[in-house]
Amino acid sequence: ADLLNSDDDNYYTQSEIGDFTILKFTTPDLSADSKRTMVLHSKGHYEIIRNPEGKPDVGLLSSFKNPGRFAEFSKQRFLEIYGDLRR
């Protein structure tokens with residue numbers, strides 16, 4: 001937690017394929033007639049630690065130049081992996 005607590009030069013390192021982090025936090029109570037939006041702001045330095053095979057999907061990668069496309073792609077992949085959690 002100390003490595004994630006402030007914006008400094010101390011970085012949380014995940015050096016092995018399959019490493020992950022789970023962040024848990026409490027939120028204030030929410031009244032029945034309210035809605036809540038959660039926003040995660042993160043930054044970091046990323047290095048690919050895999051040896052990819054095959055050719056990149058240049059069309060898909062180029063589509064990320066369009067405003068909002070990366071967020072749309074991220075949501076789509078999230079739902080493919082975790083399903084619709086609103087159930």
Side-chain angles (χ1 to χ4, degrees):
D2 290 341
L3 292 175
L4 300 173
N5 201 26
S6 60
D7 193 7
D8 53 28
D9 289 327
N10 296 318
Y11 294 98
Y12 179 71
T13 303
Q14 295 176 307
S15 57
E16 299 293 325
I17 294 173
D19 285 353
F20 65 94
T21 300
I22 296 174
L23 302 176
K24 294 183 178 185
F25 53 92
T26 57
T27 59
D29 290 337
L30 187 64
S31 64
D33 61 340
S34 298
K35 293 183 179 181
R36 175 177 287 141
T37 298
M38 305 297 284
V39 177
L40 171 66
H41 174 85
S42 64
K43 69 176 192 171
H45 173 78
Y46 306 95
E47 291 182 38
I48 297 174
I49 56 174
R50 298 181 181 181
N51 295 316
E53 296 178 2
K55 295 182 179 183
D57 185 342
V58 176
L60 174 66
L61 295 172
S62 295
S63 75
F64 295 141
K65 294 177 183 176
N66 298 324
R69 175 62 182 120
F70 186 72
E72 177 185 289
F73 171 81
S74 297
K75 179 181 178 183
Q76 180 181 24
R77 289 291 293 139
F78 177 86
L79 292 175
E80 287 173 10
I81 294 168
Y82 295 103
D84 189 346
L85 299 177
R86 294 173 288 181
R87 291 181 258 167

Self-check item: Partner set under salt bridge (charged side-chain N to carboxylate O under 4.0 Å, His left out) for Arg36, not counting sequence neighbours
Solution: none
Quiz item: By salt bridge (charged side-chain N to carboxylate O under 4.0 Å, His left out), which residues pair with Glu53, not counting sequence neighbours?
Solution: none
List for me each residue that meets side-chain hydrogen bond (donor to acceptor under 3.5 Å, both in side chains) alongside [X], sequence neighbours excluded, and say none if there are none.
X: Asp57; result: none
X: Glu80; result: Arg77
X: Ser74; result: none

Quiz item: Taking the hydrophobic residues Ile, Leu, Val, Met, Phe, Trp and Tyr, and joining any pair whose side-chain heavy atoms are under 4.5 Å apart, which ones share a cluster with Phe64?
Solution: Leu60, Leu61, Phe70, Phe73
Quiz item: Which residues, ordered by chain and number, are linked to Met38 in its hydrophobic cluster, where ILVMFWY side chains connect at heavy-atom gaps below 4.5 Å, directly or through other members?
Solution: Phe25
Self-check item: For Ser31, all residues meeting side-chain contact (heavy atoms from CB on, under 4.5 Å), sequence neighbours excluded
Solution: Asp33, Ser34
Quiz item: Taking only residues at least two apart or on different chains, which pairs with a member in residues 58-74 satisfy salt bridge (Lys or Arg N to Asp or Glu O under 4.0 Å)?
Solution: Arg69-Glu72
